[in-house]
Amino acid sequence: MRKRTVLLFAAGLLLTGCGRGTGAAAPVPSAMQAVGSCHTFRTQQEMIQPSDIAPPVPCDQPHRTETFQVTDVEGQFATYKKRPDPEQIAAYAQGRCYDAEAIRSYLGAGPRDTVSFSVWPRLPTRAEWARGVRTLRCDLVPPVQKEENGPLTSFSFRDVLTRPESSTVRVCELGGAFVTCDHPHDREEIATWQDLRPSVQPEDAQKVATELCEPVVQEFLQAKLASRPDLTIKAITPNKDEWEKGVRAVKCGVGPAAAGATIVGTLSGSAKGQV
């Protein structure tokens, strides 16, 4: 899993505050938060608050995050009399919430599925912390192209990568630019990093990279490339500057074989989607 997939504990955590009010709906104390609950927020600022005790919403209704883990705050961090500041929260939660295997398992990721979700931590409100509550809630945030008020989806993230609608939360590319896979794109990245042999010359890099990527592309597609003449391997090799610095990493991808062609939807065999 590439580092960018879940290390976006954004600088927005510099904002502080408690859970927002939601009219007649009753708040949910931090100690009663549950895995699988979905949450909506009126603005991006609300979404990045350290605490959230607003009632969850049904996951088949528009929401912006989903809780994949609830655990206890432990160690010296738990001994603080006052709730730590946002920078401390981000540093602590990154170690507790960032569990690549747990995230991939919750999302139902196949071995070659790229995961591009971010993770947001939630701690008790200041008043709850003062009463001794030490619950840590870890939320998943899907990738989006426009983040005016954060992402918005209407389905659960649990096992989402096994379903066709996962194209809305998968990352693809169009001309090298990021798009989610429910938009026209010409390349879908595969979760693997390959290295060229030291003996490979720059003029041979693309050919060798394509050969290296073929097995993982077929694993991703759950099909032989020979059965999909409409698709081709799209390997990215080091540019000239990277090559001179000794970089030999190859990023594997797949996309339409025809020049200038685009597709909509994921090619992942595990998603059982239609292209």
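All values below come from the heavy atoms of this structure, side chains included, with hydrogens, waters and symmetry mates left out.
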A side-chain contact here means heavy atoms from C-beta on lying under 4.5 Å apart; do [X] and [Y] qualify?
X: Leu123; Y: Tyr92; result: no
X: Gln218; Y: Lys224; result: yes
X: Ile190; Y: Glu188; result: no
X: Thr210; Y: Lys207; result: no
X: Arg158; Y: Cys59; result: no
X: His183; Y: Leu174; result: no
X: Cys172; Y: Val179; result: yes
X: Pro121; Y: Ile89; result: yes

Hits for ring-ring contact (aromatic ring centres under 6.0 Å, His included) against Phe220, two or more places apart or cross-chain, chain-then-number order -> none

Item to complete: Show your working on side-chain contact (heavy atoms from CB on, under 4.5 Å) between Thr237 and Trp243 and close with a plain yes or no.
Response: CA-CA 9 Å; Thr237 57; Trp243 192 275; 5.8 Å; no

Margin query: Can you tell me if Gln76 has over 12 outside heavy atoms packed within less than 6.0 Å of its CD?
Written below: no

Flag yes if [X] and [Y] sit in one hydrophobic cluster, no otherwise; membership is Ile, Leu, Val, Met, Phe, Trp, Tyr, and two members link when side-chain heavy atoms are under 4.5 Å apart.
X: Val208; Y: Val247; result: no
X: Val35; Y: Leu161; result: yes
X: Met32; Y: Val70; result: no
X: Leu212; Y: Ile233; result: no
X: Leu107; Y: Phe155; result: yes

Quick one: closest heavy-atom pair of [X] and [Y], and the distance?
X: Thr180; Y: Pro143; result: CG2-O, 4.0 Å
X: Asp159; Y: Gly108; result: OD1-CA, 3.7 Å
X: Ala261; Y: Pro256; result: O-CG, 3.2 Å
X: Arg170; Y: Ser270; result: NH2-OG, 4.0 Å

With Ser37 as partner, the option from Val28, Thr67, Asp139 fulfilling side chain to side chain contact (heavy atoms under 4.5 Å, CB included) is Thr67

Between the main-chain N or O of [Y] and the side-chain N or O of [X], is there a donor-acceptor pair closer than 3.5 Å?
X: Asp186; Y: Gly255; result: no
X: Gln94; Y: Ala91; result: no
X: Arg134; Y: Ala78; result: yes
X: Arg112; Y: Ser268; result: no
X: Asp72; Y: Glu74; result: no
X: Arg83; Y: Pro124; result: yes
X: Gln61; Y: Thr40; result: no
X: Gln49; Y: Glu46; result: no
X: Thr65; Y: Leu140; result: no
X: Arg122; Y: Arg137; result: no

* Going through the distances and angles, do Ser30 and Glu128 end up as a side chain to side chain donor-acceptor pair (under 3.5 Å)? -> CA-CA 8 Å; Ser30 295; Glu128 290 177 322; 2.6 Å; yes

Derivation and outcome, side-chain contact (heavy atoms from CB on, under 4.5 Å), residues Thr262 and His185
CA-CA 5 Å; Thr262 61; His185 58 273; 5.9 Å; no

> How are the rings of His63 and Phe157 set to each other: parallel, tilted or perpendicular (split at 30° and 60°)?
Replying inline: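 Taking Phe157 first and then His63, their aromatic rings sit tilted (interplane angle of 30° to 60°).
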
request  = For side-chain contact (heavy atoms from CB on, under 4.5 Å), just list the numbers for Glu173 and Phe178, CA-CA rounded to whole Å, side-chain angles, deciding distance to a tenth of an Å, and then say yes or no.
outcome  = CA-CA 5 Å; Glu173 297 174 18; Phe178 154 74; 6.0 Å; no

> Going through the checks in order, is the side-chain contact (heavy atoms from CB on, under 4.5 Å) test met by Phe77 and Leu136?
Replying inline: CA-CA 11 Å; Phe77 198 80; Leu136 172 65; over 6 Å; no

Going by atom types only, do Thr192 and Gln194 share a side-chain donor-acceptor pair under 3.5 Å?
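Checked: Thr192/Gln194 side chains pair up, N/O donor to acceptor below 3.5 Å.
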
